[in-house]
Amino acid sequence: MVSQKLSDLNKQHGGLKIDEVSLAQLVGGMRDVQCMLWETSELDANEGIRIRGYSITELREKLPKIPNGTEPLPEALFWLMLVDEIPTAEEARFVTDQWIRRSQIPEHVYKVIDSLPIETHPMTQFSIGITSMQTQSIFTRRHQEGMNKNEYWNATYEDTMNLLAKIPRVAAYIYRRTYHDGDHIKPDLTLDWAGNFAHMLGIKDPDFKRLMRLYLTIHADHEGGNASAHTCHLVGSTLADSYLSLSASMNALAGPLHGLANQEVVSWIYKMIEILGTDTPTDEQVAEYIKSTLAGGRVVPGYGHAVLRKPDPRFLVQKKFAEDYNIKSNLIDIVWQIFRVAPPILESTGKIKNPWPNVDAHSGAILVHYGLKEFNFYTVMFGVSRSLGVLAALCWSRALGLGLERPKSVSSEWLGNYVQSKTSPSKNGKKEQVS
Ligand code: AMX
């Protein structure tokens, strides 16, 4: 059992130093500090994400598809993250069947969502919807009954499977409630997880189902340190169940520096179109707009990353999808134009470490093309996908028996005193060096 291996490593080499923390890392959001375990994926600054060793391009190619399908099944990705093997088509179908069987939503969840004002942001509705399903948690019930800790992973797996089965229905319910007068669409139980999600959203183009399969695959996991993943891990480490851990994760995803960037990108471009009075701007006009954003003390949404230092492969695969499916629109042209124009400008500031686009720079433009224009909803779609990764990882955290997270904090006063103690002259008159 892996947890035995981990516990042996810990027993034999627990004192081994893995990393050091600089003052800049402490102040600047703990970038790159290696201090958490995450089994499902690993992010390389230049190559991008690898999920269980597979790059985005490889996942698109190698994961099972529906018969005669072209895009990977997110169900298959979930299997890969959990089992560490690419599933066969039958194994992927097993996950699809499980999620169909577990997808019934308790009535009170709809009532909770319906009680919210219609203008409530979809991410708030989503997070509340997930929390309200917590009444179903098997982990919490069994924990109250005195479950043995060896069973934690199993109860978490059951909650995770139940939750993932329901997530697309809750998301589609919020979409139809908010933007289509509550004209809901019944699930089609013959479809796969992503295909059914596309169906329930009400977008009829078959290529939109293909897009959803790819979209829900590529947004799922980006190792453990990003805010939504880390939040799920942190909250889960208290033995809060999958529902409570996931809703917390979704609240982190809802921040503009994280998953909300996908809606910000589209609204930022629309604003440019409105200001310029054209949706076919020149490169000079786009450059001026980017510079005015920076001069206004705002970020250029969809650009930059805490870890990546090259164009995000998740951006590039969406660009490829648009090319493969011959999707053309002025909005997509603008996205590609920004890809050409923005990096040198961002680089010239001298402070932005990554001038390249991230995943959020592209997704909205393709969704608009298929008629899903309500950009406040986009982060919910990101969230449906992210649920796969963070919950697969939560199952692993329970299987490995990882403990309660509790890093040490210090105050800025402590920090000032510490620096002084390290830099002030010592008794023999020499200054101590801070390394
Ligand atoms: N536009 C303007 N300024 C930017 C920038 C951008 N796209 N990206 C970074 N910067 C700025 C930072 O705000 C920071 O400024 P400061 O020194 O005045 O505080 C400086 O450049 C250095 O930042 P960094 O080390 O390059 O990035 P970071 O690790 O601190 O932040 C991120 C990373 C993503 C928050 C940042 O690049 C950003 O705000 N991007 C725009 C929002 C966005 O697209 N977020 C989505 C990221 C992907 C995701 O999680 N879904």
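None of these values were measured; they are calculated from a predicted model.
Considering only heavy atoms from C-beta on, Leu367 stays 4.5 Å or farther from Ile203 through its side chain. Contact annotation: the side chain of Asp312 approaches that of Arg314 to within less than 4.5 Å [non-hydrogen atoms, C-beta and beyond]. Within the 4.5 Å cutoff, the side chain of Val170 has heavy atoms near those of the Met133 side chain. Side-chain contact between Pro187 and Arg169 is present, with heavy atoms from C-beta onward closer than 4.5 Å. In this structure the side chain of Tyr54 never reaches within 4.5 angstrom of the side chain of Leu63, judged on heavy atoms. With contacts defined as side-chain heavy-atom distances shorter than 4.5 Å, the pair Leu164/Val95 does not qualify. Glu58 has its side chain within reach of Arg50: a pair of non-hydrogen atoms, C-beta onward, lies under 4.5 Å apart. With a 4.5 Å cut-off on side-chain heavy atoms, Leu214 and Pro72 count as touching.
If you take CG on Leu211 and CE on Met381, they are separated by 7.5 Å, rounding to the nearest 0.5 Å. The OG1 atom of Thr231 sits 8.5 Å away from the CG atom of Asn251 when rounded to the nearest 0.5 Å. Interatomic distance, CG of Leu9 versus NZ of Lys5, reported as 8.0 Å (0.5 Å rounding). Separating the CE atom in Met212 from the CG atom in Asn196 is a distance of 13.0 Å, to the nearest 0.5 Å. For the atom pair Leu394 CG and Cys232 SG, the distance stands at 5.0 Å (nearest 0.5 Å). Considering OG of Ser363 and CZ of Phe321, their distance stands at 12.5 Å, rounded to 0.5 Å.
The 12-atom threshold is exceeded at CE of Met147, counting heavy atoms of other residues, nucleotides or ligands nearer than 6.0 Å. Counted within 6.0 Å of CZ on Arg101, heavy atoms from surrounding residues, nucleotides or ligands total 12 or fewer; the atom is thus considered open. Taking a 6.0 Å sphere around CZ of Arg340, one finds it holds more than 12 heavy atoms contributed by other residues, nucleotides or ligands. Within 6.0 Å of CD in Glu413 there are 12 or fewer heavy atoms belonging to other residues, nucleotides or ligands. Around atom CD of Glu42, no more than 12 heavy atoms belonging to other residues, nucleotides or ligands sit under 6.0 Å away.
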Practice problem: Might you work through the side chain to side chain contact (heavy atoms under 4.5 Å, CB included) test for Lys320 and Thr57, ending with a clear yes or no? | Solution: CA-CA 10 Å; Lys320 179 93 173 48; Thr57 312; over 6 Å; no
Self-check item: Criterion side chain to side chain donor-acceptor pair (under 3.5 Å) on Asp8 and Gln12, from CA distance to verdict
Solution: CA-CA 6 Å; Asp8 288 348; Gln12 287 161 25; 5.2 Å; no
Self-check item: side chain to side chain contact (heavy atoms under 4.5 Å, CB included) evaluation trace for Ile290 with Met272
Solution: CA-CA 9 Å; Ile290 292 167; Met272 175 180 78; over 6 Å; no
Self-check item: Worked check of side chain to side chain contact (heavy atoms under 4.5 Å, CB included) between Phe382 and Asn262
Solution: CA-CA 9 Å; Phe382 192 154; Asn262 58 8; 3.9 Å; yes
Practice problem: I would like to know whether Tyr378 and Leu372 meet side chain to side chain contact (heavy atoms under 4.5 Å, CB included); could you show each step before the answer? | Solution: CA-CA 9 Å; Tyr378 292 171; Leu372 209 150; 3.6 Å; yes
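Summarising the geometry of Ile327 relative to Ile332, their closest heavy-atom pair is CG2-CD1, 3.4 Å, with the distance given to 0.1 Å. Minimum heavy-atom separation, Thr293 to Val299: CG2-O, 3.5 Å. Between Ser249 and Ser228, the shortest heavy-atom distance links the atoms OG-O, 3.0 Å. Looking at every heavy atom in both residues, Leu346 comes nearest to Pro355 through CD1-O, 3.6 Å. Nearest heavy-atom pair across Trp336 and His362 is NE1-NE2, 2.8 Å. Taking all atoms of both residues into account, the shortest heavy-atom contact from Ile269 to Leu331 is CG2-CD1, 3.6 Å.
Ring-plane geometry between Phe377 and Tyr179 is classed as perpendicular, the angle between the planes exceeding 60 degrees on a 0 to 90 degree scale with a lower cut at 30. Ring geometry, Trp79 versus Phe94: the interplanar angle exceeds 60°, so the pair is classed perpendicular (tilted spans 30 to 60°). Note on ring orientation: taking the six-membered ring where Trp is involved, the planes of Tyr289 and Trp268 are tilted (angle from 30° to 60°). Using cut-offs of 30° and 60° on the angle between ring planes, the pair Phe78 and Trp99 is tilted.
Relative to the six-membered ring of Phe139, Arg398 meets both conditions, a distance below 6.0 Å and an angle of at most 45° to the axis. Under the 6.0 Å distance and 45° angle rule, Arg52 counts as a cation-pi partner of Trp396.
A donor-acceptor pair under 3.5 Å links the side-chain atoms of Lys166 to the main chain of Arg102, judged by distance alone. Judged by distance alone, the side chain of Gln337 and the main-chain N or O of Pro281 form a donor-acceptor pair under 3.5 Å. The closest donor-acceptor contact from the side chain of Glu288 to the backbone of Gln285 lies at 3.5 Å or more, if one exists at all. Between the Ser247 side chain and the Thr131 main chain, no donor and acceptor come within less than 3.5 Å of each other. With hydrogens and angles ignored, the 3.5 Å screen pairs no side-chain donor or acceptor of His199 with any backbone N or O of Gly195. No donor-acceptor distance shorter than 3.5 angstrom exists from the side chain of Thr140 to the backbone of Ser137, with no hydrogens or angles considered. Here the side chain of Lys65 pairs a donor or acceptor atom with the backbone of Glu61 at under 3.5 angstrom. Proximity of a side-chain donor or acceptor of Ser127 to a complementary backbone N or O of Met123 within less than 3.5 Å is not detected.
For Phe339 and Phe315, the ring centers sit closer than 6.0 Å to each other. In summary, the aromatic rings of His222 and His305 are positioned with their centroids under 6.0 Å apart.
Residues Ser41 and Asp221 bring a donor and an acceptor atom of their side chains to less than 3.5 Å of each other. Between the side chains of Gln136 and Tyr243, no donor N or O sits under 3.5 Å from an acceptor N or O. In the model, Asn162 has no side-chain atom that pairs as donor or acceptor with a side-chain atom of Glu158 under 3.5 Å. Checking Thr96 against Asp192 by side-chain atom types alone, no donor-acceptor pair falls below 3.5 Å. In this model, no donor atom of one side chain and acceptor atom of the other lie less than 3.5 Å apart for Gln125 and Thr120. Inspection of the Thr70 and Tyr325 side chains reveals an N or O donor paired with an N or O acceptor under 3.5 Å. Inspection of the Ser412 and Trp414 side chains reveals no N or O donor paired with an N or O acceptor under 3.5 Å. Side-chain contact check for Asp241 and Gln134: at least one donor-acceptor pair (N or O, by modelled atom type) lies under 3.5 Å. Arg386 and Asn226 share a side-chain donor-acceptor pair at under 3.5 Å. A side-chain donor from one of His121 and Gln263 sits under 3.5 Å from a side-chain acceptor of the other.
Of the candidates Arg210, Lys319, Arg60, Arg60 is the only one forming a salt bridge (Lys or Arg N to Asp or Glu O under 4.0 Å) with Asp324.
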